[in-house]
Visitor: 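After the structure tokens below, expect a handful of questions from me.
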Amino acid sequence: MNKAKLVNERLHRLKSLMSPCRLCPRECMAKRAEGETGFCKTTDTIKVAAWAQHRGEEPPISGINGSGTIFSSNCTLGCFFCQNFPFSQLGNGRFMSAKELSQVFDKLAAKKVHNLNFVTPTHVVPMLLEAWLLASPEAQKLPIVYNCSGYESAEVVELLENIVDIFIPDIKYSNNQVAAELSKCGNYVENNRKTLEIMYQQAGGLQLDNEGMGTRGLIIRHLVLPENLAGSEESFVWLKETLGVKVNISLMSQYFPAYQAHQHEIMRRKVTTEEYLAVLDLVEKLGFENVFAQDPTERGGA
Ligand code: SF4
């Protein structure tokens, strides 16, 4: 079915899920259309922190011309170590109307980016799609990338079927106590795992066009943390048992202490090269076949 038609059909339900808000599993029930805010400190107006022709994503996403990234302000998680804290946690950014945001999409399309990449979209997905409806045909024909924390509402992900082309969620933790301590999210694991299963059912493995660019599928990101706070082994064993070894994984090495992380006994240091390579070794031993790995000595590893 035509994507614009699907967006038109589902936007009403997505907006109703925003007020009272159940757009993410926190289910704050804030009446955002009436100016109330929940955990993510956002009403029904989108604030955009930055947009860019970004070349730092995985190769099938960035390609040569870059990914058209749109960073929204605020977040459904409260990670005290977030590298993007000026906008994810402190809310820096600028309010944009649907028309203004659609013009951003058009400008990115004019730069020949390979996709429109919604970064931290969960709490503002109705506004992103409303703007997308006003964008040019050139912008609308780009794949939509949904670049999220993986802490998602099952219903919202289901409403995005055949609208989002490529899902890039995180698998951050395998322990809710750690998730509560580091990201203020005590029900991350079960919601994250359900999210990943639905996304994989919908989009499947990463599909590429003739030029090696992603057109559809799922890439699961995992950021290695100091002293295995991310619970990497448990997450990858679960992934293997549940989604299988063909699922696309992006193993990230770039953790460094940002925002308030210097106050934490463990998180106040970078991930070492040895810690990253141990997880990479584990992923290979488990037999995962489609892994994007980084050079930890180039990406912030100590
Ligand atoms: S999107 Fe924001 S307001 Fe809505 S449930 Fe999640 S944190 Fe709460």
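First listed ligand is number 1; within each ligand, the first listed atom is number 1.
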Visitor: Using heavy-atom distances, let me know which of R32, R26, M18, R22 sits nearest atom 1 (S) of ligand 1.
Guide: R32
Visitor: By number and element, which atoms of ligand 1 are closer than 4.0 Å to a non-hydrogen atom of H123?
Guide: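 Near H123, the atoms of ligand 1 are 1 (S).
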Visitor: From atom 8 (Fe) of ligand 1 out to just under 2.8 Å, does an N/O/S atom of C28 turn up?
Guide: yes
Visitor: Does I64 have more than 12 heavy atoms from other residues, nucleotides or ligands lying within 6.0 Å of its CD1?
Guide: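 Counting neighbours around CD1 of I64, 12 or fewer heavy atoms of other residues, nucleotides or ligands fall under 6.0 Å, so no.
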Visitor: Is K246 salt-bridged to E289, cutoff N-O under 4.0 Å?
Guide: yes
Visitor: Which residue holds the protein heavy atom closest to atom 4 (Fe) of ligand 1, what is that atom called, and what is the gap in Å?
Guide: C21 SG, 2.2 Å
Visitor: Please table the atom pairs, donor to acceptor, closer than 3.5 Å between any side-chain atom in residues 180-188 and protein atoms at least two apart or in another chain.
Guide:
from	atom 1	to	atom 2	distance (Å)
E181	OE2	H264	NE2	2.8
S183	OG	Y173	OH	2.6
N187	OD1	Y151	OH	2.6
Y188	OH	S149	O	2.8
Y188	OH	D170	O	3.4
Y188	OH	K172	N	3.1
Y188	OH	N192	ND2	3.2

Visitor: Compute both the distance and the angle, then confirm whether K47 meets the cation-pi test with F95: under 6.0 Å from the six-membered ring centre, within 45 degrees of the axis.
Guide: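 Checked: cation-pi criterion met.
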Visitor: Identify, for atom 2 (Fe) of ligand 1, the protein heavy atom at the shortest distance, and state residue, atom and that distance.
Guide: C40 SG, 2.3 Å
Visitor: What protein heavy atom sits nearest atom 6 (Fe) of ligand 1, and how far off is it?
Guide: C24 SG, 2.4 Å
Visitor: Need the ligand 1 atom indices (1-based, order shown) with element for anything under 4.0 Å from a heavy-atom of E27.
Guide: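 Checking each atom against E27, I get 5 (S).
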Visitor: Does the side chain of T215 pick up a donor-acceptor pair with the side chain of D209 at under 3.5 Å?
Guide: no
Visitor: Using modelled atom types and a 3.5 Å cut-off, is there a donor and acceptor pairing between side-chain atoms of N176 and backbone atoms of A179?
Guide: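 Checked: no pair found.
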